[in-house]
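The sequence lines fix the lettering, A, B, ..., with proteins before strands; numbering per chain opens at 1.
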2 protein chains.
Amino acid sequence: MTSIKDVASRAGVSVATVSRVLNDHPSVRQDTRDRVLAAVAELGYRPNALARSLRTDQTRTLGLVISDVLNPFFTELARSVEDEARALGYSVIIGNADEQPDLQDHHVRTLLDRRIDGLLVSPAGGGSPLMLEAAQAGVPMVFVDRWIQGVDVPVVRTDGREAVRDLVAHLYRLGHRRLAIITGPAATTTGSERVEAFRDAIREHGLTLPPEHIGQGDFQADSGRRATAHFLDMPDPRDRPDSIFAADNLMALGAMDEIRARGLKVPDDIALAAFDDIPWFVHTDPPITAIAQPTGELGRAAVRALIDRVEGRPAPSVTVSARLVVRRSCGESEGKPR
Amino acid sequence: MTSIKDVASRAGVSVATVSRVLNDHPSVRQDTRDRVLAAVAELGYRPNALARSLRTDQTRTLGLVISDVLNPFFTELARSVEDEARALGYSVIIGNADEQPDLQDHHVRTLLDRRIDGLLVSPAGGGSPLMLEAAQAGVPMVFVDRWIQGVDVPVVRTDGREAVRDLVAHLYRLGHRRLAIITGPAATTTGSERVEAFRDAIREHGLTLPPEHIGQGDFQADSGRRATAHFLDMPDPRDRPDSIFAADNLMALGAMDEIRARGLKVPDDIALAAFDDIPWFVHTDPPITAIAQPTGELGRAAVRALIDRVEGRPAPSVTVSARLVVRRSCGESEGKPR
DNA sequence: CTGAAAGCGCTTACAG
DNA sequence: CTGAAAGCGCTTACAG
């Protein structure tokens, strides 16, 4: 690879001068600047980012650890994160935890070793000593979507409580009384919050959420399938739920797989709703009623917060809200989003 | 950040020794090794990957530039690439071109500046002087899925010709005679190949593919919507296609949006099929007939080829084949995959 | 078995 | 306005 030395000798100047023109330092005479630029062009020289970062102690790079790349919600989040970061002059390196705390820590470690300027994470599990340590060591960090208790960093998330209440009211209105949920890992905040909101809302209608109606999932499709099978296998039909709320879109996919495999129909045999709205939900049979998050907004706000921290400014936590999008999977004809 | 010097002084050895134990160099006495390791643990020391890479001239990192993160095909590809790379001791940095050649080049440049050991790309556009130059300069590189003519690097892709022929035969058998395609950019190989295969197959049935039945798309959803609107707006109903083949899943999504917006029904009013199979196609209304690629296999083979190049071994191009998965979107009841 | 030293490719305070 | 030199955090050939 051609280095700054090659450019310097070709332009007949010192490497210091080359460095200055590359960094737009004002104190360089126009004609020497021109000579340097010409040499750069002729040699096709590109500065070595590693060397530069080593020297300046900044990489202008953000790390993003997402829970699962195969989940359209996170993929859209990643997209908005990258867009906003690029607009602000940063690049981002993505790590996919695949919902595994170990893999998540692997990525956090790798990212830290690369000396990224800041870390954005949507934690896959519960506590992570590694991340706690990093936060305490002063690594600029912010949580998106999910967060870890006891780690004191800003959180950018959506509060789905209201939307979940709306969903439960919607189900109740349509006559459903035996509501069930397929939840994410209790160790994740979104996992526990969504069940709690669901349970609270159910109570408001004088109903209960029995333990058998809480299917333990892990936010991935297979677990949605298994939990649904469990519900449908309950011996006494009167115990079986008449509606399922999947706490994310992938588990809803799994639920649909299982329901279809048994020749059952949504919503006639069982109602289905999901947290996270995705474009495909419009075209499924039937269209799925879902809770939509302002995903792009979330990603952009998270990046801004992180860059604030990186550049030494304070950054507040931010909470946006979700909304229920009624379609046909709980019964009744298609309504308009409220 | 704590550096190798801190570890050295704490352990009472030189930095050279610390470096040796970190790199598992055999010639270190067990007890000094222990002392060093203890110091590393006490300080929570993590080597600076930038410094190491600068010195060793290798990053053990691969760059992957994909055409569109929002496309489930690429997201699955990225997932398998990352998995295989990690298994082989490499990490990967992903860049999302969003189907824009400029953005693609931006990422290639950034990746090159970071001195990644090798580059995996699924080119968004036609020729890229930047990539041609990099290839000529000896940067280990391989193309996945799509490739660029005239750039001499291994290509790992799937050949969809046979599957497209099967699809056309399937459509013909069901009585469709006015077949149309929504294609990707002609500058991309998958864009041009899929139309060609489609056209050739149509000819075999004594039919033709008139220019008005070729909708120009860009592999993203909106373009699928527009192309479909165009087809449906043709003044003379006898000119309107009776079936649409979308060259990727996102354009199929757009087509469904448009068809549904007009109150039309698949397959009764118009048949629909797509290149790339995704889990949602099982649950759409109706389930979509699609051409499935062995995506994971593609990603893994691409990584192996790239690492072969990186480590100085020759790497062959590899071509896998696709298969038609018949569902109900072209008419007729659900068949089994052939 | 271990250390001193050179050097990877940059940036930047210090002189001039 | 420009250059010589130090130094970022590592690795590794060379001595001992």
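Looking at Asp105(A) and Ser128(A), their side chains do bring a donor and an acceptor atom within 3.5 Å of each other. Counted by atom type alone, Asp98(B) and Gln100(B) present one or more donor-acceptor pairs between their side chains at under 3.5 Å. Using modelled atom types, one finds a donor on one side chain and an acceptor on the other under 3.5 Å when comparing Arg114(A) with Thr61(B).
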- Query: For nucleotides 2-10 of chain C, read 5' to 3', which letter fits each nucleotide if B means a protein heavy atom sits under 4.0 Å from the base, S means only the sugar-phosphate is that close, and - means neither?
  - Reply: BBB-BBBBB
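Under the 3.5 Å distance criterion, the side-chain polar atoms of Arg157(B) are left unmatched by any main-chain donor or acceptor of Val318(B). Between the Thr59(A) side chain and the Arg115(A) main chain, a donor and an acceptor come within less than 3.5 Å of each other. Checked by atom type and distance alone, the side chain of Ser67(B) never pairs as donor or acceptor with a backbone atom of Glu99(B) at under 3.5 Å. Distance alone, capped at 3.5 Å, is enough to place a donor-acceptor pair between the Ser53(B) side chain and the Ala49(B) backbone.
Where DNA chain D pairs in unbroken runs of 3 or more (Watson-Crick or G-U, both distances under 3.5 Å), the stems are C:1-3 with D:14-16, C:5-12 with D:5-12, C:14-16 with D:1-3.
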